[in-house]
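Take a look at the structure below.
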Amino acid sequence: MGIILSAGEGPASRAYRRRVWVVAVVGLAAVLMGVLAQFSQASVPAGLPAEPAVVGAAHDGVVRKAALTLPATASRDAADPMALGRVDAPVLMVEYADFNCGYCIRFARETEADLLRKYVDTGVVRFEFRNFAIRGDGSIALARAAWAAGQQGRFWPFHDEVYQRGTTDPTAAARAAGVPDLARLDVISFGSVAWAGVDG
């Protein structure tokens, strides 16, 4: 696959790098879709439960569950507050991210808006976000607060507050994102049900 260059656009230009980045992300999404398609056709091996398996206890004693296969994480649920785009879009892209991950921040700041505008807004891609908090307690706190903000319809403003403006305090990010009931945010984000929205 070649990249078409405009006049004055070369390997050192910002437009060229952005175009390469978008092509790489779309290519990666296509590869991931192929892998997920293979998983979705596979059955659960004999002897393994069809339900999610308990994989361990969290630091606060809350038991988390993980699905046996990746396709179970792609919900295509119209009520998913952490998803954008048509439920029946031909392409489904699931992003696993940590709010403290430098590469995730870079993707959110440099690529995500173009991807959403070109593919989600046009109905080609459904984009689902999944918290994958692996960088410590700060990541877990942000992931739980993001999930709780989503329960009040403010996940994407929270996402943007953290990624675009670099807010690292969950309550400050929620306040700036316009979460209407901050007291409810604390109850939701620190309750055991919040683990349902945090992988890692």
Side-chain angles (χ1 to χ4, degrees), residues 1-37 39 70-71 73-77 80-136 138-147 149-150 153-168 170 173-174 176-178 197-200:
M1 174 179 355
I3 297 177
I4 300 170
L5 300 177
S6 303
E9 197 176 68
S13 75
R14 184 176 185 172
Y16 176 82
R17 288 191 309 270
R18 178 168 282 181
R19 187 171 290 148
V20 168
W21 187 245
V22 169
V23 169
V25 168
V26 172
L28 178 62
V31 169
L32 288 174
M33 285 181 23
V35 169
L36 290 176
F39 276 112
L70 286 175
T73 63
S75 70
R76 286 198 184 256
D77 178 359
D80 183 353
M82 295 168 45
L84 296 170
R86 290 185 6 221
V87 173
D88 63 343
V91 176
L92 173 64
M93 182 175 186
V94 180
E95 176 189 13
Y96 290 84
D98 183 315
F99 283 107
N100 285 325
C101 163
Y103 294 107
C104 302
I105 293 167
R106 184 175 181 181
F107 171 77
R109 289 180 178 174
E110 297 178 8
T111 305
E112 189 175 70
D114 286 339
L115 182 118
L116 296 177
R117 186 180 64 256
K118 290 178 183 176
Y119 302 105
V120 174
D121 294 348
T122 60
V124 174
V125 172
R126 166 124 171 130
F127 186 80
E128 296 183 359
F129 183 95
R130 297 292 175 262
N131 283 306
F132 193 63
I134 58 173
R135 299 187 59 83
S139 294
I140 291 170
L142 284 167
R144 292 176 88 172
W147 183 85
R154 302 302 295 168
F155 170 77
W156 290 102
F158 182 95
H159 166 279
D160 293 345
E161 181 61 32
V162 174
Y163 278 142
Q164 301 299 332
R165 287 172 274 297
T167 306
T168 58
V198 181
D199 295 321

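In this structure, Arg130 contributes its side chain and Tyr96 its backbone to no donor-acceptor pair below 3.5 Å. Arg126 contributes no side-chain N or O that, together with a main-chain N or O of Leu92, makes up a donor-acceptor pair within less than 3.5 Å. Side chain of Glu161 to backbone of Thr168: no donor-acceptor contact under 3.5 angstrom is found.
For Glu110, the side-chain hydrogen bond (donor to acceptor under 3.5 Å, both in side chains) partners are Arg106, not counting sequence neighbours. Applying the side-chain contact (heavy atoms from CB on, under 4.5 Å) rule to Ala174 yields the partners Phe158, Val179, Leu182, Leu185; only residues at least two apart in sequence or on another chain are considered. Annotation: side-chain hydrogen bond (donor to acceptor under 3.5 Å, both in side chains) contacts of Glu112 (sequence neighbours excluded): His159. Considering only residues two or more places apart in sequence or on other chains, Asp160 meets the side-chain hydrogen bond (donor to acceptor under 3.5 Å, both in side chains) condition with none of them. In this structure, the side-chain contact (heavy atoms from CB on, under 4.5 Å) partners of Cys104, at least two apart in sequence or on a different chain, are Ala97, Cys101, Tyr163.
Asn131 is listed as a side-chain neighbour of Phe99, based on a closest heavy-atom distance under 4.5 Å. Two residues are said to be in side-chain contact when any heavy atoms from C-beta on lie closer than 4.5 Å; Met93 and Glu128 fail this criterion.
Here the shortest heavy-atom pairing between Arg86 and Pro90 reads NH2-CD, 4.2 Å. Residues Ala145 and Pro170 share a closest heavy-atom pair of CB-CB, 3.6 Å.
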Exercise for review: Report the C-alpha distance between Glu95 and Phe107 in whole Å, list the side-chain angles of each, state the deciding distance to 0.1 Å, and finish with yes or no for side chain to side chain contact (heavy atoms under 4.5 Å, CB included).
Suggested key: CA-CA 10 Å; Glu95 176 189 13; Phe107 171 77; 3.5 Å; yes
Review point. How far apart are the C-alpha atoms of Phe129 and Phe155, what are their side-chain angles, what is the distance that settles it, and do they pass the side chain to side chain contact (heavy atoms under 4.5 Å, CB included) test?
Key: CA-CA 10 Å; Phe129 183 95; Phe155 170 77; 3.3 Å; yes
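Checked options Val162, Thr167, Asp98; the residue passing with Leu142 is Val162 (criterion: side chain to side chain contact (heavy atoms under 4.5 Å, CB included)).
Here Asn100 contributes atom CG and Ile134 contributes atom CD1; the two are 10.5 Å apart, rounded to the nearest 0.5 Å.
Between Phe127 and Trp156, the angle of the ring planes lies from 30° to 60°, which puts this pair in the tilted group.
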Which atom pairs, donor and acceptor, lie under 3.5 Å between side-chain atoms of residues 114-121 and protein residues at least two apart or in another chain?
residue, atom, partner, partner atom, Å
Asp114, OD1, Arg117, NH1, 3.2
Asp114, OD1, Arg117, NH2, 2.7

